[in-house]
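Below: one structure, written as structure tokens.
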Amino acid sequence: MPIEIRLPDGSVVEHPEGSTGLDVAAAIGSRLAKAAVAVRLDGEWLDLSRPLPHGGSIEIVTENTEDGRSVLRHSAAHVLAQAVLDLYEGATFAIGPAIADGFYYDFKVDQPFTPEDLERIESRMAEIIAADQPFIREAMGRDQALELFSDHEFKREIIETVEPGEVPAGDEVTVYRNNGFVDLCRGPHLPSTGRLEAVKLLRIAGAYWRGDEANPQLQRIYGTAWESKKELEAYLHRLEEAERRDHRRLGPELDLFSFPKEMGAGLVVWHPKGGLVRKLIEDHSRRLHERYGFEFVFSPHLAKEDLWNTSGHLQWYAEGMYPGMEMDHGDAYRVKPMNCPFHIMIYRSRGRSYRELPLRLGELGGVYRYERSGVLHGLLRARGFTQDDSHTFCTRGQLADELAMHLDFVLRWLKDFGFTEFEADLSTRPDKYVGDPAQWGEAEEALAAALDRAGMEYRVAEGDGAFYGPKIDVHVKDAIGRRWQMSTIQVDFNLPERFGIEYAGPDNAPERPAMIHCAKAGSIERFFGVLVEHYAGAFPTWLAPVQAMIVPVADRHIDYARSVAEQLANAGLRAEVDHSGETVGEKIRRAITAKTPAVMVVGDRDVEAGTAGYRRYGADEERRGVSVDEIITELAAEAQPPGVSA
RNA sequence: GCCGAGGUAGCUCAGGGGUAGAGCAAUUCACUCGUAAUGAAUAGGUCAGGGGUUCAAAUCCCCUCCUCGGCUCCA
């Protein structure tokens with residue numbers, strides 16, 4: 001009896017019973033059949049070579065889509081495991097999924113892999129791919145699978161812990177064989193290993209079984225796979241591009257900041273140029289905070305341990321905090337990992353009325369968190385950093401409007417720095433939490449409502465909230481498509497409770513305010529690091545430490561160069577004169593290498609005419625004889641911070 | 001913290017038991033130049049730090065610190 005297959009365009013075709021996904025694809029076109037890697041029938045993944053079990057809506061998954069690539073990568077992971085098991089006696093394998101841009105496989109081996117091993121494994125993989133071994137799917141009972149993988153402890157553990165719901169056929173699991181190799185796997189896979197066009201192993205890393213430090217540590221091999229050599233090359237090129245933008249390289253190169261070893265890991269010093277850019281960022285932060293109705297406060301770097309007991313930090317966050325310091329009268333003090341308790345102290349310094357709510361307190365507060373040595377990563381993960389932190393105290397009734405305002409603020413802030421794509425995560429109650437679950441629910445709903453009001457799509461991250469409350473995290477996509485977490489907005493009913501803060505309501509009865517924690521940049525350091533990578537070190541004019549470099553052609557033009565610099569300075573622009581003894585070409589090269597937005601070359605003709613040769617960063621050619629006034633007008637317009645008129 | 005790879009001049013890196021090297025940067029001198037590198041000379045090092053083996057250690061061994069790629073966590 002033929003089966004009816006509905007194609008994505010809505011048309012229905014008939015195929016004889018026993019037809020495979022490949023048959024369906026081939027009937028549509030030979031090119032489609034060639035590009036196909038798997039099919040989805042009513043949403044269920046099937047191998048291309050598997051007879052379709054029933055009719056339904058079909059989707060041919062091709063190799064040039066993200067879904068298609070993940071099939072490809074998953075098959076590549078199998079080949080990797082096959083190669084490793086071939087080459088290393090006694091090796092056993094754990095899991096090997098496709099991930100963004102690639103795949104990995106975890107192994108337990110007697111000796112850790114070396115870079116030379118990687119080459120050896122890669123050549124073995126090439127042989128397996130050249131042999132074009134078919135992947136053959138086989139379903140079997142759990143007992144049989146346990147028997148099959150009797151030598152492989154991790155596979156046995158997976159089989160034993162598979163949830164019944166994860167396996168469509170109840171108590172069955174599936175394995176895929178190619179040649180002598182067999183792996184437990186849900187599939188789907190490519191028809192054969194020969195379909196792997198472009199595979200490359202990238203690096204070796206340690207990884208714990210199931211990501212838990214209590215479990216044995218395995219050896220992980222990362223690789224990448226693409227549908228063509230060309231795509232692989234493009235990917236490797238993207239990796240190089242990311243490396244070129246690395247803020248840890250650009251920071252010292254552009255003389256912005258450094259991490260002197262003498263100070264300790266994760267601690268940064270800002271050089272004058274970096275300090276200037278940072279100040280401009282902070283100025284903008286203050287400007288927007290004021291515009292959105294925040295007031296500025298300041299608080300100390302440490303406080304008595306008691307305060308951190310009351311706040312719950314010592315109970316819930318102790319491992320992120322530095323140890324106590326003994327001070328007067330045996331009191332221990334702790335360096336602050338967060339600013340919130342201090343802002344509560346300010347709230348609590350006198351009686352509060354409902355009439356003064358919402359009370360919005362902001363601070364660029366330096367905090368210190370003990371990050372484990374292995375996770376430090378330049379400015380993106382430091383041990384000392386500055387939060388553009390705020391705490392808003394409001395009534396329950398004000399919460400929805402306040403959250404909407406905070407979200408608006410955050411998006412304004414991010415747009416001002418050139419980010420245009422945003423994604424939000426709504427993180428809900430974690431396992432370790434304080435407070436009443438009903439209040440958590442209320443807070444989570446309020447956050448979701450704010451996202452809906454802003455028309456933002458979001459993903460729910462179950463259990464990712466802070467210990468004191470749920471939160472919205474806003475992520476941005478940078479210039480090369482990477483996703484960074486920036487801002488966070490958190491609702492908190494708990495700290496007000498713990499500190500017992502109140503306000504007098506209209507009927508003079510004491511009420512408890514709600515609190516909103518919000519960091520717009522997140523950490524200024526991290527934000528700065530992301531900006532460096534986003535702009536590849538070439539800051540827009542309003543943030544550039546030097547906005548114009550003036551290059552005299554010969555020494556006799558230095559006086560004129562200085563007078564031009566003065567004109568620019570009078571217009572509020574940051575200009576420098578390069579009076580070094582280098583050639584014109586070299587001085588220009590230096591200015592471009594420093595990513596200066598504008599280079600102005602001045603020679604005899606310019607001295608006479610009041611002009612300059614004008615070269616913009618990124619432009620291929622310069623313009624000669626441009627009037628200095630015209631240049632000043634153009635640069636001064638660009639130099640205005642976003643939302644500030646000249 | 002754990003697994004792996006590293007740390008040699010300001011930067012990028014060579015050298016692997018027997019006198020510390022290169023390119024770029026820096027300094028000085030000459031050149032005064034019209035849009036991405038003028039030439040020459042000079043200076044610069046507890047070879048991350050400490051301990052050990054050795055007649056002799058940058059080199060081999062141990063410990064510590066720091067960096068990088070991951071695991072985990074987060075801003």
Side-chain angles (χ1 to χ4, degrees), chain A residues 104 106 109 111-115 117-118 202-222 243 246 248-249 252-253 255 258-267 317 319-320 337-338 367 369-382 385-389 427 430 464 466 471 473-475 484-488 490 517 519-527 529-530 551-558 580-593 599-606 612-615 619-625:
Chain A
Y104 68 80
D106 286 346
V109 281
Q111 291 290 319
F113 294 119
T114 64
D117 286 320
L118 224 52
L202 297 175
R203 65 182 79 89
I204 307 154
Y208 297 100
W209 169 235
R210 304 206 149 164
D212 186 339
E213 295 174 38
N215 289 335
Q217 185 150 26
L218 306 172
Q219 289 285 308
R220 175 171 297 178
I221 296 179
Y222 281 93
E243 202 175 321
D246 194 324
R248 292 167 301 179
R249 171 206 204 84
E253 216 168 277
D255 200 14
S258 57
F259 288 87
K261 294 181 176 21
E262 293 82 348
M263 294 176 352
L267 301 170
Y317 197 75
E319 54 188 44
M338 296 185 195
V367 297
R369 297 184 186 175
Y370 179 73
E371 297 286 355
R372 296 193 300 175
S373 58
V375 306
L376 297 172
H377 187 90
L379 290 177
L380 303 186
R381 182 141 313 262
F385 59 95
T386 312
Q387 288 185 308
D388 61 336
D389 207 0
S427 299
D464 273 357
K471 60 178 181 175
D473 290 324
V474 179
H475 297 74
W484 302 97
Q485 183 183 330
M486 302 290 223
S487 323
T488 181
Q490 314 181 346
H517 306 243
K520 295 89 223 163
S523 123
I524 297 289
E525 283 77 1
R526 180 187 163 80
F527 189 75
V530 172
V551 173
V553 171
D555 286 356
R556 65 179 177 279
H557 309 118
I558 289 180
S580 66
E582 300 295 339
T583 57
V584 174
E586 171 64 7
K587 285 187 280 198
I588 289 164
R589 195 186 70 87
R590 287 183 195 196
I592 293 172
T593 308
V599 182
M600 295 166 70
V601 180
V602 294
D604 290 332
R605 294 194 289 278
D606 298 298
Y614 187 44
R615 172 188 275 270
D620 290 337
E621 286 182 357
E622 77 283 2
R623 287 163 61 205
R624 303 274 174 106

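What you see is a predicted model; the values in this text were computed from it and never measured. FYI, side chains are in, hydrogens and waters are out, and symmetry mates aren't considered; it's all heavy atoms of this structure. Labels below follow one simple rule: chain letters A, B, ... track the order of the sequence lines, proteins then strands, and each chain is numbered from 1.
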Using the 3.5 Å cut-off, write out each protein N or O paired with an N or O of nucleotides 38-46 of chain B and the distance between them.
unit_1 : atom_1 : unit_2   : atom_2 : d
B:U38  : OP1    : A:Thr583 : OG1    : 3.3
B:U38  : OP2    : A:Thr583 : OG1    : 2.9

- prompt: Does the base of B:U32 carry an N or O that pairs as donor and acceptor with the side chain of A:Arg556 under 3.5 Å?
  reply: no

query: Who pairs with A:Phe527 by ring-ring contact (aromatic ring centres under 6.0 Å, His included), at least two apart in sequence or on another chain?
result: A:Trp413, A:Phe417

message: My understanding is that only residues two or more places apart in sequence, or in another chain, count here; which of them pass side chain to side chain donor-acceptor pair (under 3.5 Å) with A:Gln217?
response: none

message: Holding to side chain to side chain donor-acceptor pair (under 3.5 Å), I want the full list of residues that pass it with A:Thr583, two or more places apart in sequence or in another chain.
response: none

message: So, using salt bridge (charged side-chain N to carboxylate O under 4.0 Å, His left out) as the criterion, who are the partners of A:Glu622 when residues are at least two apart?
response: A:Arg615, A:Arg624

- request: Under the side chain to side chain donor-acceptor pair (under 3.5 Å) rule, collect the residues that match up with A:Lys587, sequence neighbours excluded.
  value: none

field: Phosphate contact (B:A37 OP1 or OP2) by A:Arg590 side-chain N/O below 4.0 Å
entry: no

- prompt: Mind checking what makes ring-ring contact (aromatic ring centres under 6.0 Å, His included) contact with A:Trp209, not counting sequence neighbours?
  reply: A:Phe154

query: For B:C33, does either OP1 or OP2 sit under 4.0 Å from a side-chain N or O belonging to A:Lys587?
result: no

field: A:Tyr317 side chain near B:A75 phosphate (N/O to OP1/OP2, under 4.0 Å)
entry: no

query: Are any of A:Arg248's side-chain N or O atoms less than 4.0 Å away from OP1 or OP2 of B:U67?
result: no

- prompt: Would you say a side-chain N or O of A:Arg203 is under 4.0 Å from OP1 or OP2 of B:C68?
  reply: no

- request: Take atom P in B:A22 and the same atom in B:A14, then report the distance between them in whole Å.
  value: 16 Å

field: Donor-acceptor pair present, A:Glu371 side chain and B:A75 base, under 3.5 Å
entry: yes

Distances under 3.5 Å only, N/O to N/O: pair up the protein atoms with those of nucleotides 2-10 of chain B.
unit_1 : atom_1 : unit_2   : atom_2 : d
B:C2   : O4'    : A:Tyr208 : OH     : 3.4
B:C2   : O2'    : A:Tyr208 : OH     : 3.4
B:C2   : O2'    : A:Gln217 : OE1    : 2.3
B:C2   : O2     : A:Tyr208 : OH     : 3.2
B:C2   : O2     : A:Gln217 : NE2    : 3.4
B:C3   : O4'    : A:Gln217 : OE1    : 2.7
B:C3   : O4'    : A:Gln217 : NE2    : 3.3
B:C3   : O2'    : A:Gln219 : NE2    : 2.9
B:C3   : O2     : A:Gly206 : N      : 3.2

Spacing of the P atoms in B:G15 and B:G1 (rounded, Å): 31 Å

message: According to salt bridge (charged side-chain N to carboxylate O under 4.0 Å, His left out), who are the partners of A:Lys520, at least two apart in sequence or on a separate chain?
response: none

Side chain to side chain, A:Leu380 and A:Arg526, heavy atoms closer than 4.5 Å: yes

